[in-house]
Amino acid sequence: MVDTDSGWDDRGGRGLRGARDTGGTWGMRGARAAAALPGRRAAAVSLVALAALATGCGPGTATGAPDASPPVRPTQAAAPSPTRTAPVTDDAKPRTAPPPPSPSASTAPPAPAPDPTTARPAPEPSTAPPPRVLMRTGSESDRVRELQARLRQIGHFGRNPTGYYGSVTADAVRSFQAKRSLPVTGSTDEVTWQRLLAMTRVPKAAELRPPTERPLATPDERCLKGRVLCISKNSRTLAWMIDGKVVSAMDVRFGSEYTPTREGVFEVFWKSRDHVSTLYDTPMPYALFFSGGQAVHYSADFAANGYGGASHGCVNVRDKKKVAALFDQVRTGDKVVVYW
């Protein structure tokens with residue numbers, strides 16, 4: 001039975017399918033069968049046969065689909081040209097790593113050479129000798145007295161001059177040197193001395209040798225007659241008096257609570273200009289003994305350290321010139337009064 005709409009019979013359809021399933025080319029029998037078909041049916045069969053010959057056996061789209069693109073003929077890939085390479089831009093990385101740099105090559109820019117006009121030679125160590133020291137701890141002279149008076153003018157020495165260069169004077173010199181950015185040694189060298197001279201005036205006689213550091217006490221009534229060494233523990237002063245008049249006065253200090261200076265009325269019974277204590281093995285120059293081993297005498301420790309110390313019971317004087325003059329004036333048998 002023949003399908004009048006499609007023009008395909010049952011046998012012809014099976015023949016075409018068989019041809020396609022064989023995977024070979026279109027046979028002569030299929031061609032003759034197509035030629036036997038009348039009119040448009042034959043033309044359609046011919047087109048199908050030609051399409052099968054062109055595509056071969058590869059997978060493709062459905063035969064006769066109106067939107068199918070023509071199959072692409074396989075071609076042999078062209079060998080890449082050895083001279084053509086892809087352009088490299090600033091943002092592109094090379095396809096192969098560049099060769100490593102030479103060990104001797106440096107990618108950093110060369111360091112700038114120093115400017116010969118700005119280069120400074122290393123300072124040479126100073127060979128200048130240190131300034132000459134004029135006064136130091138242990139010195140004793142009128143120049144030391146002037147040093148102390150000048151230091152007192154500008155507030156570095158808080159007591160009357162004694163002429164002896166002790167620890168108190170050394171501390172005052174250190175204070176002055178530190179404030180003026182000088183080497184802090186405690187000794188008075190030429191530089192320190194010249195700076196001090198430029199800042200102070202020549203001391204007056206009363207500044208160099210004041211009678212006492214503190215005001216004299218009112219004399220005890222026992223001191224108003226005759227030749228008397230009138231010694232006040234309250235004011236810490238000694239007044240050499242003749243018939244109620246003060247001839248000279250000086251600062252003194254006394255023994256500690258364990259070795260106190262005795263109080264009362266005494267007489268000078270012995271004078272020893274260059275005495276040395278046999279008990280303590282210490283110098284006691286210009287000693288005026290009035291009670292056992294207690295005497296009025298010069299004390300270098302008192303001159304150096306002031307009232308920070310104490311005696312072993314004697315009456316210490318820190319002004320050496322004053323006590324030396326006193327030694328020459330006092331006689332054996334003159335009265336000594338020690339009181340509060």
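These values consider heavy atoms only, across backbone and side chains, with no hydrogens, waters or symmetry-generated copies.
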Hey, could you give me each pair passing side chain to side chain donor-acceptor pair (under 3.5 Å) that has a residue in residues 286-297? Not counting sequence neighbours.
Arg262-Ser291, His297-Asn316
Any side-chain heavy-atom pair of Pro219 and Leu224 under 4.5 Å
yes
Ring pair (Phe, Tyr, Trp, His ring centres under 6.0 Å) contacts in which one or both residues fall within residues 221-253, not counting sequence neighbours:
none
Min side-chain heavy-atom separation Val246-Leu216 under 4.5 Å
yes
Criterion side chain to side chain contact (heavy atoms under 4.5 Å, CB included) on Arg174 and His156, from CA distance to verdict:
CA-CA 9 Å; Arg174 288 189 189 96; His156 288 279; over 6 Å; no
Cluster membership besides Val265, Ile/Leu/Val/Met/Phe/Trp/Tyr side chains within less than 4.5 angstrom, sorted by chain and number, is Val228, Val337, Tyr339
Compare every heavy atom of Val268 with every heavy atom of Thr332, then report the nearest pair and how far apart it is.
CG2-O, 3.4 Å
Please report the C-alpha distance between His312 and Thr259 in whole Å, then the side-chain angles of each, then the deciding distance to 0.1 Å, and finally whether the side chain to side chain donor-acceptor pair (under 3.5 Å) criterion is met.
CA-CA 5 Å; His312 292 100; Thr259 56; 5.9 Å; no
Ser167: partners by side-chain hydrogen bond (donor to acceptor under 3.5 Å, both in side chains), with sequence neighbours left out
Asn305
Output the distance between atom CZ (Arg145) and atom CD (Glu140), rounded to the nearest 0.5 Å.
9.0 Å
I'd like to know if Glu267 and Lys335 make a salt bridge, using a cut-off of under 4.0 Å between side-chain N and carboxylate O.
no
I'd like to check the ring-ring contact (aromatic ring centres under 6.0 Å, His included) partners of His275; sequence neighbours left out, ordered by chain and number.
Trp270, Phe289
Any heavy-atom pair between the side chains of Val338 and Lys233 that's under 4.5 Å?
yes
By side chain to side chain contact (heavy atoms under 4.5 Å, CB included) - contacts of Thr200 (at least two apart)
Arg150, Gln153, Ile154, Leu196
Establish, yes or no, whether a centroid distance under 6.0 Å links the rings of Tyr307 and Phe302.
yes
Does Phe157 share a hydrophobic cluster with Leu147, counting links as ILVMFWY side-chain heavy atoms below 4.5 Å and allowing steps through other members?
yes
Hey, are the side chains of Arg318 and Ser299 touching, using non-hydrogen atoms and a 4.5 Å cut-off?
no
Can you list every pair that meets ring pair (Phe, Tyr, Trp, His ring centres under 6.0 Å) and has a residue in residues 127-151, with sequence neighbours left out?
none
So if you build clusters from Ile, Leu, Val, Met, Phe, Trp, Tyr with side-chain heavy-atom gaps below 4.5 Å, do Leu326 and Ile242 land together?
yes
Among all residues two or more places apart in sequence or in another chain, which pass the side-chain hydrogen bond (donor to acceptor under 3.5 Å, both in side chains) test with Asp142?
Arg209, Lys321
Contacts of Cys223 that satisfy disulfide (SG to SG under 2.5 Å) - sequence neighbours left out
Cys230
Distance-minimising heavy-atom pair for Glu213 and Gly158:
OE2-O, 4.4 Å
Just to verify, what does Tyr298 make a ring-ring contact (aromatic ring centres under 6.0 Å, His included) with, not counting sequence neighbours?
none
Kindly indicate, with the supporting measurements, whether the criterion side chain to side chain contact (heavy atoms under 4.5 Å, CB included) is fulfilled by Asn160 and Arg152.
CA-CA 8 Å; Asn160 286 337; Arg152 183 168 185 173; 2.3 Å; yes
How far apart are the closest heavy atoms of Phe327 and Ser272, and which atoms are they?
CE1-N, 3.7 Å
With a 4.5 Å limit on heavy-atom distance, are the side chains of Phe254 and Ile231 in contact?
yes
Let me check something: any side-chain donor-acceptor pairs from residues 186-194 under 3.5 Å, sequence neighbours excluded? List them with distances.
residue : atom : partner : partner atom : Å
Thr188  : OG1  : Tyr165  : OH           : 3.0
Asp189  : OD1  : Val191  : N            : 3.2
Asp189  : OD1  : Thr192  : N            : 2.8
Asp189  : OD1  : Thr192  : OG1          : 2.9
Glu190  : OE2  : Arg132  : NE           : 3.1
Glu190  : OE2  : Arg132  : NH2          : 3.1
Thr192  : OG1  : Gln177  : NE2          : 3.1

Tell me whether Val133 is reachable from Val173 by hopping between hydrophobic residues (I, L, V, M, F, W, Y) whose side-chain heavy atoms are closer than 4.5 Å.
no
Before giving the answer on side chain to side chain contact (heavy atoms under 4.5 Å, CB included), spell out for Arg253 and Arg236 the whole-Å C-alpha distance, their side-chain angles and the decisive distance to 0.1 Å.
CA-CA 6 Å; Arg253 74 176 183 182; Arg236 293 188 284 189; 5.6 Å; no
Considering all heavy atoms, the nearest Gly255-Ala310 contact
C-CB, 4.2 Å
Look at the side-chain heavy atoms of Ile, Leu, Val, Met, Phe, Trp and Tyr, link any pair under 4.5 Å apart, and say whether Val336 and Val247 land in one connected group.
yes
Can you confirm whether Val144 sits close enough to Arg136 that some side-chain heavy atom of one is under 4.5 Å from a side-chain heavy atom of the other?
no
Quick check on salt bridge (Lys or Arg N to Asp or Glu O under 4.0 Å): which of Lys271, Arg273, Lys322 does Asp328 satisfy it with?
Arg273
Nearest heavy-atom neighbours spanning Pro161 and Leu208
CB-O, 3.7 Å
The reported gap from CG in Leu238 to CG in Asp319 (rounded to nearest 0.5 angstrom) is 11.5 Å
Val276/Met284 under side chain to side chain contact (heavy atoms under 4.5 Å, CB included): CA gap, chis, key distance, verdict:
CA-CA 5 Å; Val276 177; Met284 297 172 56; over 6 Å; no
Measure across Val168 and Ala304 and return the closest heavy-atom pair with its distance rounded to 0.1 Å.
CG2-O, 2.9 Å
Tyr164: what forms a ring-ring contact (aromatic ring centres under 6.0 Å, His included) with it, not counting sequence neighbours?
none
Any Gln148 side-chain heavy atom under 4.5 Å of Glu207 side chain
no
Does atom CZ of Arg201 have more than 12 heavy-atom neighbours, drawn from other residues, nucleotides or ligands, at distances under 6.0 Å?
yes
Got Met199 and Arg180 here, is their nearest side-chain heavy-atom distance under 4.5 Å?
yes
